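Here the structure is a predicted model, which is why all the values come from computation and not from measurement.
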Amino acid sequence: MKKIVVIGASSGIGRRLAIDFARVGCRVGIAARNEEKLDEIKQMYPDRIAKMRIDVTAPDAVKRFYDLIELIDGMDILVYASGVGFQDPDLNDERTKEMLETNVVGFARITAAAYKYYRETANVQPGQIAAITSVAGTKGIGVAAAYSASKTFQQRFICALEQLAYQQQVNVRFTDIRPGFVRTGLLSDDKDYPMCMSVDKVAPLIEEAILRRRRYATVDSRWRIVNAVWSLVPQCLWRHVGLTL
């Protein structure tokens, strides 16, 4: 029975992953800021789910994260699905601060804590850190500068942790999941997004990538092509591309 911690489990992709893993028999620790929504999930599988209110930007986030690991008697996989995102062409200070505190500081705090957990645990099977980043991390997107930059940070941070794990001989694997547009609370309800996907569509693809320990997974195949093309566009041309999120 796998033991999985899902950070950002109260809504969207994180919620669906937590429910799916619990349904197939995993022991799941769920965390988010909204405790009421965590309670709703726990009631579905009370014997398989433990909950902990965690604000990844709070000083006690790491302690509460470790407490949640104890509640499920260990951790085989961390799934980091927490995040905020806005279209912000005006570069609002408060929105920028919120995104960076959650997507950068909070992300680094929790994933580093997970890495240290695996480093300090004599685990025979490799642990795993799976981060749901975004195709937005491939290039700087003007109307979502802070968001796309924060996703680039996440991708680079786990690359650095992977190198550190090799140097320190830590038995941990990494999975970088990069979805395109997914219809969750992060997207505006009044806008049409290109190649927008439902949570029902992306969740099985993400779960497969996690359980197969893939290093990278762009969701879905259409976005894999788009992402590959974006990565080839030089900045002198990219600056002329108009993207609206």
Side-chain angles (χ1 to χ4, degrees), residues 6-17 32 56-57 78-89 91 95-96 98-111 129-162 174-188 191-210 214-233 235 238 241-245:
V6 181
I7 304 294
S10 62
S11 62
I13 295 172
R15 182 180 189 276
R16 173 63 182 271
L17 297 182
V56 298
T57 69
L78 166 67
V79 179
Y80 192 98
S82 179
V84 295
F86 306 104
Q87 179 176 334
D88 185 26
L91 302 177
R95 285 191 162 190
T96 297
E98 180 181 359
M99 276 186 281
L100 296 184
E101 285 183 347
T102 301
N103 298 358
V104 174
V105 178
F107 176 87
R109 177 182 288 144
I110 296 300
T111 52
I129 296 174
I132 298 178
T133 66
S134 173
V135 296
T138 303
K139 289 284 189 178
I141 298 175
V143 295
Y147 177 75
S148 59
S150 72
K151 291 303 177 178
T152 301
F153 172 87
Q154 293 178 356
Q155 294 165 4
R156 295 295 179 268
F157 192 76
I158 60 175
C159 281
L161 288 183
E162 184 177 38
F174 298 87
T175 300
D176 179 355
I177 300 163
R178 303 176 178 185
F181 291 126
V182 181
R183 181 56 68 183
T184 67
L186 292 182
L187 299 185
S188 300
K191 291 184 179 181
D192 291 326
Y193 296 86
M195 298 188 294
C196 192
M197 302 169 290
S198 68
V199 172
D200 288 340
K201 176 180 176 62
V202 304
L205 300 175
I206 292 173
E207 290 157 7
E208 180 185 20
I210 292 171
R214 291 179 179 167
R215 180 60 183 86
Y216 300 98
T218 303
V219 178
D220 60 3
S221 58
R222 299 167 300 169
W223 281 103
R224 192 177 307 125
I225 295 171
V226 170
N227 200 46
V229 172
W230 281 1
S231 66
L232 297 175
V233 178
Q235 184 61 29
W238 181 257
V241 176
L243 295 179
T244 302
L245 303 184

Asks: Quick one: pull up CD in Gln155 and CZ in Phe174 and give me the separation to the nearest 0.5 Å.
Replies: 14.5 Å

Asks: Please list, chain by chain and in numerical order, all residues satisfying side-chain contact (heavy atoms from CB on, under 4.5 Å) with Val135, sequence neighbours excluded.
Replies: Arg178, Thr218, Trp223, Asn227, Trp230

Asks: Is the backbone of Asn103 close enough, under 3.5 Å, to the side chain of Gln154 for a donor and an acceptor to pair up by distance?
Replies: yes

Asks: For the pair Thr175 (side chain) and Ala130 (backbone), establish whether a donor and an acceptor sit closer than 3.5 Å, ignoring hydrogens and angles.
Replies: no

Asks: What verdict does the salt bridge (Lys or Arg N to Asp or Glu O under 4.0 Å) test give for Asp176 and Arg214, after you've listed the backbone C-alpha separation in whole Å, the side-chain angles of each residue and the deciding distance to 0.1 Å?
Replies: CA-CA 8 Å; Asp176 179 355; Arg214 291 179 179 167; over 6 Å; no

Asks: Should Val56 and Arg109 count as side-chain neighbours, where that means a heavy-atom distance under 4.5 Å?
Replies: no

Asks: To the nearest 0.5 Å, how far apart are OH in Tyr147 and CD1 in Ile141?
Replies: 8.5 Å

Asks: Could you check whether any side-chain heavy atom of Ile110 comes within less than 4.5 Å of a side-chain heavy atom of Leu78, counting everything from C-beta outward?
Replies: yes

Asks: Let me confirm one number: the CG-CE distance from Asp220 to Met197, rounded to the nearest 0.5 Å.
Replies: 5.0 Å

Asks: Check Leu100 against Ala146 and note the closest heavy-atom contact, atom names and distance.
Replies: CD2-O, 4.2 Å

Asks: Mark yes or no for whether Thr152, through its side chain, and Gly137, through its backbone, hold a donor-acceptor pair below 3.5 Å.
Replies: yes

Asks: So do the side chains of Arg16 and Val6 get within less than 4.5 Å of each other, counting heavy atoms only?
Replies: no

Asks: Checking the side chain of Ser148 only, and the main-chain atoms of Ala145 only, is there a donor and an acceptor separated by less than 3.5 Å?
Replies: yes

Asks: I'd like to check the side-chain contact (heavy atoms from CB on, under 4.5 Å) partners of Ala81; sequence neighbours left out, ordered by chain and number.
Replies: Ile132

Asks: Using a 4.5 Å cut-off on heavy atoms from C-beta on, say whether the side chain of Thr133 contacts that of Ile177.
Replies: no

Asks: To the closest 0.5 Å, what do you measure between NZ (Lys151) and CZ (Phe107)?
Replies: 8.0 Å

Asks: Is a side-chain N or O of Lys139 found less than 3.5 angstrom from the main chain of Val233, in a donor-acceptor match?
Replies: yes

Asks: Working to the nearest 0.5 angstrom, can you tell me the gap between Cys159 SG and Phe157 CZ?
Replies: 11.5 Å

Asks: Looking at Val104, Val84, Thr96, Val105, which hits side chain to side chain contact (heavy atoms under 4.5 Å, CB included) with Ser150?
Replies: Val104

Asks: For Val182 and Cys196, what are the C-alpha separation, side-chain angles and deciding distance, and is it a side chain to side chain contact (heavy atoms under 4.5 Å, CB included)?
Replies: CA-CA 6 Å; Val182 181; Cys196 192; over 6 Å; no

Asks: How far does OG1 of Thr111 sit from OH of Tyr80, to the nearest 0.5 angstrom?
Replies: 7.5 Å

Asks: Using side-chain heavy atoms (C-beta onward) and a distance below 4.5 Å, is Thr138 in contact with Ser231?
Replies: yes

